[in-house]
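Beneath this line is the structure, given in structure tokens, with notes to follow.
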2 protein chains.
Amino acid sequence: MLRQNLPVTLEEVARHAGVSTATASRVLNGTVGVRENTRRRVLAAARALNYSPNIHASALASGRSRILGVILSNVENPFFLDVFRSMDEAATEAGYSLVMEHTSYQPERLVSSLKAMSGMHLAGVALVASEVEQGVLDSLSRRSLPIAVYDAAHPAPHITSICVRYNVGMRRAVEYLHSLRHKRMAFVGHHAGLAPLQERKQAFVESMRQYAPKAEFSTAEHDDTPQGGRQAAATLLDSGFSPTAILCVNDFMAIGVLRELRERGLRVPEDVSVTGFDNINLSEFTVPALTTLDIPRWRIGRLFFDALVNHQSSTRFSADTVIEPELVLRGSTGIAPDHRNGNPKSRQRP
Amino acid sequence: MLRQNLPVTLEEVARHAGVSTATASRVLNGTVGVRENTRRRVLAAARALNYSPNIHASALASGRSRILGVILSNVENPFFLDVFRSMDEAATEAGYSLVMEHTSYQPERLVSSLKAMSGMHLAGVALVASEVEQGVLDSLSRRSLPIAVYDAAHPAPHITSICVRYNVGMRRAVEYLHSLRHKRMAFVGHHAGLAPLQERKQAFVESMRQYAPKAEFSTAEHDDTPQGGRQAAATLLDSGFSPTAILCVNDFMAIGVLRELRERGLRVPEDVSVTGFDNINLSEFTVPALTTLDIPRWRIGRLFFDALVNHQSSTRFSADTVIEPELVLRGSTGIAPDHRNGNPKSRQRP
DNA sequence: TTGAAAGCGTTACCAA
DNA sequence: TTGGTAACGCTTTCAA
């Protein structure tokens with residue numbers, strides 16, 4: 001088996017089964033109205049010849065493909081990767097493939113990725129990215145292609161938006177830390193120029209204002225990496241502001257924040273408490289384990305897939321799905337419940 | 001701009017420029033022998049109409065595509081992800097796209113991914129996986145498709161193999177620890193049933209034998225995740241064998257090993273030393289920072305790309321490229337040089 | 001229930 | 001230097 005050097009075509013399968021390519025195509029696409037006997041012969045021939053359809057020919061002829069596009073801001077951040085893996089799992093189960101691009105949060109790269117993908121005649125595109133500008137969304141909404149966006153400020157018609165209430169999560173974190181008597185808190189983020197991230201920072205600021213003037217705060221930002229988190233923490237601490245709690249925009253950066261604190265001899269949580277966001281697998285492996293807000297990435301990936309493939313409600317103006325982050329308490333804020341079950345709702349996968 | 005609802009075709013571009021589709025195609029593919037004036041007109045038309053070629057039509061007509069397939073054992077492990085990102089960078093620069101699949105180390109999934117990819121008429125496939133069986137390699141070598149494999153035991157004709165001398169790296173680690181007077185060492189791995197991983201474990205065992213009977217050793221294995229590393233460490237420690245050094249098959253698992261040791265009140269490096277493999281970015285962020293063996297993933301990704309796209313030496317029986325891992329010393333083995341420059345050769349990217 | 005044949009958007013060969 | 005046109009492998013009417 002697998003002996004042939006040249007790809008087997010539908011025509012050969014058809015000939016082998018003694019039918020026309022039309023019939024062979026019908027069988028292989030699960031169309032009804034084919035005699036059971038014929039169907040069996042075609043299937044047998046396909047298997048015998050180890051036939052695998054030429055997706056290019058198929059896409060060209062039918063005008064649609066079973067390939068989805070996914071654009072991520074930062075593959076290196078496990079948050080994005082998990083959403084991707086989850087979509088991929090759903091896609092594979094349904095016989096779809098994924099084409100992935102990443103942008104490093106650069107709006108131009110988003111546009112060029114989109115352009116490259118537009119030549120692929122995809123079945124849909126998921127924008128799991130923070131650099132989605134309104135203009136892009138608008139122009140996309142004119143096309144027939146199914147589109148789904150992560151956390152878009154103002155979704156456009158015909159575009160599904162999957163929203164996470166970051167402000168709710170942020171408020172929960174601030175309130176929790178406030179209840180622990182923290183008075184000087186800082187926020188560590190990245191790419192504050194991009195709307196969704198701006199908004200998260202804003203949520204922090206507003207939550208803090210609620211406790212002013214007794215509570216002070218500061219913010220810092222750098223790249224979305226552990227290195228970036230470390231840098232941001234360094235900037236913060238060098239500025240003279242000495243926070244007793246640092247809230248990070250995500251767990252990935254928090255890893256670096258923890259490192260910098262340790263490097264400076266600051267103990268966590270005794271001297272400084274730290275929180276993250278996302279509840280990535282790694283957040284259980286930091287020292288100390290990280291208090292964070294859970295975002296159910298496995299659910300989100302499936303939501304994306306469903307939005308693109310079974311876009312049930314394509315008639316609705318825009319089908320939004322809203323998710324609220326939940327607080328997960330671990331050692332980095334002082335209370336250290338058993339680390340072994342720090343996972344509330346979303347399932348962590350191996 | 002981007003106003004059109006339906007995709008623009010080559011024919012429209014040609015009409016707009018007042019030439020035939022043949023000429024338009026020639027211009028867009030950079031063929032020589034087109035009058036400068038005509039070329040400019042076509043280019044202008046393409047830009048004006050925001051043309052993006054239908055890759056399916058193009059692939060079907062030409063029989064080749066600018067898409068590469070990549071199969072990874074475990075995307076979650078940053079080692080594989082880095083190789084992927086590096087290939088992706090090289091690919092994007094050259095106008096190629098990547099289609100990625102991952103297998104969780106299951107040979108059957110490797111085969112089914114390969115089959116799915118075979119319908120895509122790819123420009124080449126990179127197997128960055130440990131579960132590549134000889135039979136698969138042999139059948140692949142009959143096809144005309146360029147193939148490159150990571151660390152294959154016995155590469156087949158026409159298949160490029162990119163090899164890392166894990167045994168050399170492992171020996172270096174063992175020798176280093178031996179020079180530090182460690183007598184009881186353990187190896188933590190995963191999927192010992194797969195040849196390449198079997199070999200790494202074997203390298204450990206043989207290196208240890210060299211010091212027998214004065215030196216004792218033990219091994220344990222679990223999944224290729226931090227959780228798996230933690231499990232393996234737990235098994236090891238519960239077995240009664242008390243190693244003074246644990247060598248991990250990779251950094252990703254080492255993260256979990258460090259966690260389990262800490263959980264049990266064992267200090268690293270005072271009570272137990274730990275080493276990893278790969279030198280992933282995260283290895284500088286563990287507590288303590290991880291001694292490891294650097295594997296230049298950025299170089300490897302580029303090697304893969306070049307092997308597939310500019311397969312210069314396709315005439316040679318098999319063009320192997322050999323890489324030797326280099327020891328990177330950090331805190332987890334006791335000597336803690338400045339963490340800020342623990343990176344010998346390979347550049348770490350943001 | 002099946003087959004013939006007209007595309008789908010490119011590429012590439014052959015003429016002009 | 002250009003244009004006409006036959007593929008490429010499949011899907012999908014339309015007839016039979």
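Naming: A, B, ... by sequence-line order, numbering from 1 per chain. Given the structure is predicted, the values throughout are model-derived calculations rather than measurements. Below, all heavy atoms of this structure are taken into account, side chains as well, without hydrogens, waters or symmetry copies.
Two residues, B:Gly33 and A:Ala61, neighbour DNA chain D, and the one matched to the more 5' nucleotide by heavy-atom proximity is B:Gly33. Between B:Ala57 and B:Thr38, it is B:Thr38 whose nearest contact on DNA chain D lies nearer the 5' terminus. Between B:Arg26 and B:Asn54, the residue anchored closer to the 5' end of DNA chain C is B:Asn54, taking for each the nucleotide with the nearest heavy atom.
A:Arg66 has its CZ atom 11 Å from the P atom of D:dT11, to the nearest Å. Atom CG of A:Leu60 and atom P of D:dT11 are 11 Å apart (whole Å). One can place CD of B:Glu11 at 9 Å from P of C:dC8, the figure rounded to the nearest angstrom.
Remark: B:Ser20 is in phosphate contact with D:dG3, judged by side-chain N or O atoms under 4.0 Å from OP1 or OP2. A close approach under 4.0 Å does not occur between any side-chain nitrogen or oxygen of B:Arg15 and OP1 or OP2 of D:dG3. Under 4.0 angstrom from either OP1 or OP2 of D:dC10 there lies at least one side-chain N or O belonging to A:Tyr51. Listed pair A:Arg41 / C:dT1 fails the phosphate criterion, with no side-chain N or O lying under 4.0 Å from OP1 or OP2.
Side chain of A:Arg109 to main chain of A:His102: a donor-acceptor pair is present (N/O by atom type, distance under 3.5 Å, no hydrogens or angles).
Taking OG of B:Ser161 as the reference point, atom CG of B:Leu303 lies at 11.0 Å (rounded to 0.5 Å).
Of the listed nucleotides (C:dT11, D:dT2, C:dA12), D:dT2 has the atom at the smallest distance from the side chain of B:Val34. Set against D:dT2, D:dT11, C:dT1, the side chain of B:Arg35 has D:dT2 as its closest nucleotide. Looking at the side chain of B:Ala22, the nearest of the listed nucleotides D:dT1, D:dT5, C:dA5 is D:dT5. Of the listed nucleotides (C:dT10, D:dT12, C:dT2), D:dT12 has the atom at the smallest distance from the side chain of A:Ser25. The side chain of B:Thr23 approaches D:dG3 more closely than any other nucleotide in the set C:dG9, D:dG3, C:dG3. When the nucleotides C:dG3, C:dT10, D:dG9 are ranked by their closest atom to the side chain of A:Thr9, D:dG9 comes out on top.
The aromatic rings of B:Tyr150 and B:Phe79 are tilted relative to each other, their planes meeting at an angle between 30° and 60°.
Shortest non-hydrogen contact noted between B:Ser65 and A:His56 is CB-CE1, 4.4 Å.
Counting non-hydrogen atoms under 4.0 angstrom, B:Arg39 reaches nothing in the nucleic acid.
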Could you give me the CA-CA distance, side-chain angles and deciding distance for A:Arg85 and A:Asp82, then say whether salt bridge (charged side-chain N to carboxylate O under 4.0 Å, His left out) is met? CA-CA 5 Å; A:Arg85 291 199 295 146; A:Asp82 286 350; 3.2 Å; yes
